[in-house]
Amino acid sequence: IPAEMILLINLSQGMMFPPLNLLCLAGMLEANGVDCKVIDENRVGRDELRREIRRGYPMVGISCMSAYRWDAFDTALMVKELSPRSTVVMGGVHASLMPEQCAKHADVVIRGDGEGPLLDLCQGKEPKERFIPLDDLPFPSYDKVDLESYRGYALKRFHRGKMNGIDIRKTPMVLVQASRRCNAHCNFCSSFYVQGRYRAKSPVRLADEIELLYSKGMRSFYFADDSFYLDKAMGVRFCQEIDARHLQVAFHVQTRADVIDDEYAYWLKRAGCYRIQVGLETGSESLLKTMHKSESLESICQGIRICQKHG
C-alpha cells in the first residue's frame with residue numbers, strides 16, 4: 001500500500017445506496033493528489049473488510065453514526081489488531097456530537113464537514129475544522145464504487161412500477177446532495193450542530209453533477225439533503241436545467257412543506273421528481289411551536305395539498 005493511500009470504510013447499516021459521504025471525501029482527496037479506496041461493508045461483508053484492513057493502509061477512516069457507534073468502535077479495535085501501524089480517523093454525525101467518546105477509540109476525530117480536515121491530515125497538517133463552499137468542492141468520486149451493484153434496491157415499500165418512464169426497481173438509486181443543513185433550528189435535530197449554516201450548490205453546478213452521473217448510465221436519484229433547495233428560485237432553476245438538458249431522470253427529495261408552491265411543484269414534477277418527503281412530527285400547533293419547527297399546521301397541510309394536486 002503506498003504511504004499516501006488511505007482506506008475509507010462505510011459500515012454495514014442496511015443502507016443500500018452508494019456511500020455519498022465517503023465519495024465526497026474521496027473526491028476531495030483525489031483532486032489534491034491523495035489516493036484512497038472506499039469499501040462499503042454493505043456490499044462486501046465483514047470478511048472482505050478484514051482482508052482489506054490487513055493490507056496495512058497507513059490511515060483508515062471510519063464513518064460513525066450514533067445508531068451504529070458500537071459497530072464503529074469495534075471496527076476501530078479491529079483495525080488496531082489487524083494493522084497496528086494504521087492511524088484510525090473517525091468522523092461523521094456521532095463524532096461531531098460526541099468527539100470525546102470517539103477519541104477513546106480513534107487516533108483522530110474530525111468534527112463537521114470532513115473534506116478539509118481530512119485533507120489537512122493527509123498532507124501532514126493539523127486538521128482545521130471549516131466549511132468549504134459546496135461549489136468549491138470537487139465532484140464526489142463515484143467511480144470508487146460499483147454503482148451498478150446497487151441495482152434493485154429502491155425502497156420497495158414505496159416504489160411501484162415506472163417513474164418518469166424509468167423502472168426504478170431495476171435501476172441503481174444514487175445519493176446526491178444539493179445542500180447541507182436546513183435553515184430551521186428544530187430542538188430535536190442535530191443538523192445545526194453537525195453541519196453549521198445552510199449552504200447549497202448552485203443549480204448549474206448540481207445539474208452538471210447529475211449530467212455526469214447520467215453519462216454513466218444513472219437515472220434514479222435520491223437527494224440526501226435535510227431540506228432540498230429552500231430557495232425556491234434556485235430549486236426551479238435546477239429543474240429548468242434538467243429539463244433543458246433533456247435528462248430523463250426520476251428522483252425524490254426531502255424538504256419543508258412551507259417551501260412548496262404551485263410553481264415549485266410544477267417544475268419538480270416536470271424535471272422528474274415523483275415524491276417529496278416532508279417532516280410532519282406532530283399535528284399539534286402548540287407542539288410545533290415548542291419544537292421551534294417554525295412552520296404552522298396550515299402551511300404544512302397546504303404544502304401537502306399542492307404536492308397531491310401535481311401528482
Side-chain angles (χ1 to χ4, degrees), residues 17-32 38 63 91-93 96 112-119 129-145 147 173-184 189 191-192 194-216 218-247 249-256 259-260 263-265 267-273 275-278:
F17 304 108
L20 179 62
N21 55 340
L22 299 187
L23 302 183
C24 288
L25 295 177
M28 184 66 162
L29 296 179
E30 296 219 312
N32 289 274
V38 175
S63 179
V93 176
S96 298
D113 286 7
E115 290 91 350
L118 184 59
L119 179 61
E129 185 179 340
R130 60 191 182 278
F131 298 113
I132 300 172
L134 299 188
D135 277 4
D136 292 344
L137 293 174
F139 285 158
S141 286
Y142 289 106
D143 59 348
K144 286 294 179 183
V145 294
L147 295 176
M173 182 178 286
V174 182
L175 282 180
V176 287
Q177 192 175 48
S179 62
R180 293 183 181 177
R181 200 189 167 253
C182 175
N183 65 359
C189 182
S191 180
F192 174 81
V194 176
Q195 300 189 48
R197 62 179 177 81
Y198 180 77
R199 294 154 289 148
K201 297 174 183 175
S202 67
V204 172
R205 163 65 169 74
L206 182 61
D208 288 344
E209 190 171 329
I210 296 295
E211 189 165 20
L212 172 66
L213 287 163
Y214 195 87
S215 71
K216 297 177 181 291
M218 301 300 107
R219 300 292 184 269
S220 178
F221 303 96
Y222 171 33
F223 283 88
D225 308 48
D226 288 330
S227 297
F228 178 82
Y229 276 137
L230 294 173
D231 183 323
K232 189 193 85 170
M234 292 180 70
V236 169
R237 176 67 194 285
F238 164 72
C239 294
Q240 291 172 338
E241 281 288 327
I242 296 298
D243 185 56
R245 300 183 193 200
H246 306 292
L247 303 178
V249 296
F251 64 92
H252 70 272
V253 303
Q254 302 172 153
T255 194
R256 291 170 59 92
V259 176
I260 302 299
E263 182 187 21
Y264 202 175
W267 277 106
L268 281 166
K269 184 65 180 290
R270 184 181 176 97
C273 182
R275 176 179 297 105
I276 300 174
Q277 294 174 283
V278 298

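Using the six-membered ring where Trp is involved, Phe238 and Tyr229 have ring planes that are tilted, between 30° and 60° apart.
Asp135 has no carboxylate O lying under 4.0 Å from a charged side-chain N of Arg199, or vice versa, which leaves the two without a salt bridge.
Under the rule for a side-chain contact (heavy atoms from CB on, under 4.5 Å), the partners of Gln254 that lie at least two apart in sequence or sit in another chain are Tyr222, Gln277. Under the side-chain contact (heavy atoms from CB on, under 4.5 Å) criterion, Cys182 pairs with Ala184, Asp226, Ser227, Leu230, Arg256, sequence neighbours left out.
Interatomic distance, CG of Asp113 versus CZ of Arg180, reported as 4.5 Å (0.5 Å rounding). Note that the CG atom of Leu119 and the CD atom of Glu30 stand 12.0 Å from one another [nearest 0.5 Å]. Note: Cys239 SG to Lys269 NZ = 12.5 Å, rounded to the nearest 0.5 Å.
Because its NZ or CZ atom is both nearer than 6.0 Å to the ring centre of Tyr214 and within 45° of the ring axis, Arg219 counts as a cation-pi partner of that residue.
Lys232 places no side-chain N or O within donor-acceptor distance of the main-chain N or O of Val259, the cut-off being under 3.5 Å. Checked by atom type and distance alone, the side chain of Asp225 pairs as donor or acceptor with a backbone atom of Ala178 at under 3.5 Å. A donor-acceptor contact shorter than 3.5 Å is absent between the side chain of Ser179 and the backbone of Phe228.
Residues Phe223 and Leu206 form a side-chain contact, since some pair of their non-hydrogen atoms from C-beta on lies under 4.5 Å apart. At least one side-chain heavy atom of Leu147 sits under 4.5 Å from a side-chain heavy atom of Leu213.
In terms of heavy-atom proximity, Glu209 sits nearest to Lys201 at OE1-NZ, 2.9 Å.
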